[in-house]
There are 2 protein chains.
Amino acid sequence: MPESPARRCPLSSQRPTLADVASTAGVSVSTASLAFSGAGPIAAATRERVLAAAAELGYLGPNPLGRQLRSGRSGIVGVVVGDALRRSFRDPVSIQVLDGLVSTLGEMGLGVLLIPGPSDPAEPPVDPLVLSAGMDVAVLLWGSGTHDPVLEALRRRGVPTVVVEGIPEPDVATVGLDDRRGMTELVQHLQSLGHESFACVTLAFDRQRGDGFVEPERWNEVVWQVTRRRLDGVLDAGITPTAVYETPASLVEHGKTAGFAILSAPQRPTAVVCQSDLLASGVVLAARELGLRVPDDVSVAGFDGLDLPWLAPDVLTSVAQPLAEKGATVGRAVASLLAGEMPEPVELAVTLRPGTTTGPAPR
Amino acid sequence: MPESPARRCPLSSQRPTLADVASTAGVSVSTASLAFSGAGPIAAATRERVLAAAAELGYLGPNPLGRQLRSGRSGIVGVVVGDALRRSFRDPVSIQVLDGLVSTLGEMGLGVLLIPGPSDPAEPPVDPLVLSAGMDVAVLLWGSGTHDPVLEALRRRGVPTVVVEGIPEPDVATVGLDDRRGMTELVQHLQSLGHESFACVTLAFDRQRGDGFVEPERWNEVVWQVTRRRLDGVLDAGITPTAVYETPASLVEHGKTAGFAILSAPQRPTAVVCQSDLLASGVVLAARELGLRVPDDVSVAGFDGLDLPWLAPDVLTSVAQPLAEKGATVGRAVASLLAGEMPEPVELAVTLRPGTTTGPAPR
DNA sequence: AAGCACGGTCGAATCGATTTGAGGATCGCG
DNA sequence: CGCGATCCTCAAATCGATTCGACCGTGCTT
């Protein structure tokens with residue numbers, strides 16, 4: 001019974017490959033492949049033999065790179081977080097969506113490749129990974145602007161893309177939020193409480209990420225879609241804010257700075273509407289430090305519907321967005337793109353959630 | 001002059017490949033490859049021709065998968081975050097290290113693949129990505145336990161690995177922290193302020209992630225290394241805590257729960273030493289809500305050295321660890337592994353940073 | 001007994017690029 | 001005019017697996 005020639009690890013001084021295993025086991029490469037993948041009929045005895053040979057040679061299992069080339073799939077989804085990681089990850093919204101996304105994609109056997117978004121306006125706007133990483137699909141988390149350079153690059157590479165809270169376009173999948181209407185409802189709620197003078201604390205207008213009051217002329221020159229829609233939502237209610245304050249990022253400290261600026265100004269508004277809960281909680285903290293009572297002296301509202309335990313005993317009035325569902329929806333859109341379809345744009349609903357930081361207008 | 005046969009996109013109904021471009025341009029595949037990679041001498045005119053052909057065919061650039069197979073490298077570093085993303089990402093420590101890591105690796109042309117660590121004790125402890133993703137190196141962020149199943153799996157696959165704050169072992173690179181000594185110094189600092197009764201709030205002991213007081217018998221049965229070292233550091237100071245409270249994760253709300261439990265117990269300690277700043281700030285909040293003055297009635301200290309603006313006007317006494325440097329150090333370790341070397345274990349220094357939440361012991 | 005279905009195995013093609021050593025053209029110089 | 005040096009270009013091998021179609025026995029059907 002001629003056993004196959006007793007060459008263990010024929011040429012490869014390196015790691016053994018499937019071919020080595022096959023030759024050691026005395027079977028063909030295809031059979032060896034079958035033994036591992038299980039994608040075809042194979043006799044139990046044969047599989048045993050292959051597995052034994054693999055163990056003997058110290059074969060570490062099929063090399064993913066080979067499989068990937070063959071299948072044309074890397075199993076990797078590139079997720080562009082819309083800002084420097086340091087900032088993005090301090091934002092519970094990004095995190096929760098990312099978490100939902102990782103879970104959903106994980107169940108589909110896909111991994112998430114983290115790609116930093118545009119951070120410093122000075123730096124080149126597109127991370128090299130966007131240009132070269134082997135990803136099956138890309139996700140632009142957290143908005144795109146008009147003529148977004150990252151989106152352009154992905155288009156040029158022909159990478160199917162899901163844009164979250166961006167502008168719906170025919171060649172990309174879109175998962176949006178009904179945040180514009182949500183903001184309008186929030187303002188109307190405040191109006192029904194008697195408020196007439198409103199200040200707004202917004203997210204960044206564009207890559208410059210300004211930090212300070214914005215003149216009315218610029219109110220409709222917002223590049224970043226999230227900021228734009230939420231501001232438009234406020235204006236839709238038919239009011240004219242006494243002030244609009246732009247912050248560079250959705251962080252408590254920026255909210256606090258904005259809060260101090262707004263609440264210590266000569267004509268203080270009775271309500272401050274913020275584009276995120278973190279900004280809003282910063283404003284609440286500023287108010288407290290200024291000795292103002294919330295909501296007796298000033299009402300503060302946010303957006304996102306986060307749990308902020310350290311704001312206790314206050315509960316922020318907010319517009320809640322379905323964070324986990326957002327992640328799952330993006331996951332489904334990714335699956336759809338992978339299947340070669342172009343999913344319909346989705347717009348998730350938001351719900352007004354009154355808390356203890358808003359109340360009747362003073363006087 | 002016989003132009004190559006005018007077949008645009010010869011067979012491939014799919015995307016054009018380098019071969020298609022080459023045949024359209026009337027050159028060989030190798031030459032076409034050179035035109036893109038630039039790794040060899042090529043006439044300017046030829047390159048032009050290849051590039052023109054590529055443009056004409058709508059060639060989207062070299063397929064990363066092909067390149068990866070050839071080079072044997074995916075350019076991807078798998079980062080296992082030590083907990084469910086949702087929780088991990090609410091921890092500024094993980095985030096800042098991850099941020100530093102992504103930057104460092106990004107400069108080296110490497111991408112970060114996010115791999116969820118063990119979350120639910122019920123679930124299988126190893127994410128499928130650990131078993132199958134095509135990564136060049138893996139990083140276990142945030143500690144490993146003894147006989148960590150994830151580490152075992154990576155070993156079996158032969159993936160070079162960096163372990164952060166784990167047990168130094170010969171076949172993995174290690175980046176550690178001198179947290180044990182830091183904790184001892186912290187306790188000594190409190191002792192010098194006259195404190196004699198200490199309570200400890202710890203991170204999770206093991207995958208079970210208990211939530212409550214731990215009997216002294218179990219104090220040396222800690223699986224999770226980070227928890228173990230920091231607890232040992234406290235014991236090194238020669239004290240016996242009046243209580244040790246285990247929390248399931250480093251989050252403010254868990255600190256708060258622990259704080260209520262510890263501070264409303266019959267014999268209240270004068271100092272609470274926490275294994276993270278988030279836990280410590282939870283304890284501060286609990287103290288405030290219980291009407292206790294910090295640090296007059298009780299001193300609270302943490303670990304990590306974070307900026308926690310919303311704790312204002314208090315500044316947490318803490319032991320600061322060099323977060324950005326940690327990320328960079330891990331990055332260097334990864335580079336070293338990729339170069340085929342095994343880097344020496346690194347132990348980063350921590351520094352005591354007194355704040356306003358600790359003071360002389362009462363009475 | 002011929003024919004058929006089927007489980008099991010194998011050979012060869014394929015995925016898409018990189019890389020090496022060989023070879024051809026051109027040029028300069030003796 | 002010949003020889004060598006230089007500069008490009010190309011054919012072929014390679015990376016490591018998957019997969020399709022062919023092939024070959026068995027065992028069962030009619």
Side-chain angles (χ1 to χ4, degrees), chain A residues 4 9-50 53-54 57 59-75 132-136 157-158, chain B residues 1 4 9-50 53-54 57 59-75 132-134 136 157-158:
Chain A
S4 85
C9 247
L11 329 152
S12 45
S13 61
Q14 304 292 350
R15 296 188 165 187
T17 75
L18 194 57
D20 301 328
V21 174
S23 92
T24 303
V27 300
S28 74
V29 192
S30 17
T31 304
S33 173
L34 256 28
F36 282 98
S37 69
I42 189 170
T46 315
R47 168 152 69 254
E48 285 307 313
R49 206 141 45 87
V50 173
L57 257 49
Y59 178 67
L60 305 164
N63 184 329
L65 265 34
R67 194 209 310 280
Q68 285 174 18
L69 173 60
R70 177 66 229 223
S71 67
R73 291 259 156 102
S74 65
S132 66
M135 48 190 165
D136 298 336
R157 276 192 63 190
Chain B
M1 191 178 287
S4 87
C9 245
L11 327 151
S12 45
S13 59
Q14 303 292 349
R15 297 188 164 187
T17 75
L18 195 56
D20 301 328
V21 173
S23 92
T24 304
V27 301
S28 75
V29 194
S30 17
T31 305
S33 173
L34 257 27
F36 281 99
S37 69
I42 189 169
T46 314
R47 169 154 69 252
E48 285 308 313
R49 207 141 45 90
V50 172
L57 256 50
Y59 178 67
L60 305 163
N63 183 328
L65 265 35
R67 195 208 310 279
Q68 285 174 19
L69 174 59
R70 179 66 232 227
S71 67
R73 289 259 156 100
S74 64
S132 66
D136 296 336
R157 276 192 63 191

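Sequence lines set the chain letters: A, B, ... in the order given, protein chains first and strands last, and positions in each chain run from 1.
Look at A/Y59 and you'll find a side-chain N or O under 4.0 angstrom from OP1 or OP2 of D/dA17. Residue A/S30 has no polar side-chain atom (N or O) positioned under 4.0 Å from OP1 or OP2 of C/dG11. At D/dC10, one or more side-chain N or O atoms of B/S28 fall inside 4.0 Å of OP1 or OP2 (strictly under the cut-off). OP1 or OP2 of D/dT18 lies within a sub-4.0 Å distance of a side-chain N or O belonging to A/S33. A/T17 has no side-chain polar atom (N or O) that falls below the 4.0 Å cut-off from OP1 or OP2 of D/dG16. Between A/R70 and the phosphate of C/dT14, there is no side-chain N or O to OP1/OP2 separation shorter than 4.0 Å.
One interatomic measurement links the two molecules: CG of B/L65 to P of C/dT14, which rounds to 19 Å at whole-angstrom precision. Note: CG (B/D20) to P (C/dG16) measures 9 Å, nearest angstrom. Separating the CZ atom of A/R73 from the P atom of C/dC15 is a distance of 16 Å, rounded to the nearest angstrom.
Using modelled atom types, one side-chain atom of B/S74 and one backbone atom of B/G134 make a donor-acceptor pair closer than 3.5 Å. Proximity of a side-chain donor or acceptor of B/S33 to a complementary backbone N or O of B/V29 within less than 3.5 Å is not detected. Although no hydrogens or angles enter the test, the distance criterion places no donor-acceptor pair under 3.5 Å between the side chain of A/D136 and the main chain of A/R73.
When distances are taken from the side chain of B/A43 to each of D/dC15, D/dC10, D/dT9, the shortest belongs to D/dT9. Looking at the side chain of B/P62, the nearest of the listed nucleotides C/dA17, D/dA17, C/dG8 is C/dA17.
Residue contacts shown for A/T46 are limited to sugar-phosphate atoms, with no base heavy atom under 4.0 Å away. Across all strands, B/L69 comes closer than 4.0 Å to base atoms (heavy-atom distances).
Each of A/G40 and B/R67 was matched to the nucleotide of DNA chain C holding its nearest heavy atom; the match closer to the 5' end belongs to A/G40.
When all heavy atoms of A/L34 and A/G40 are compared, the closest pair comes out as CG-CA, 4.4 Å.
With rounding to the nearest 0.5 angstrom, the CZ atom of B/R67 is 10.5 Å from the CG atom of B/L18.
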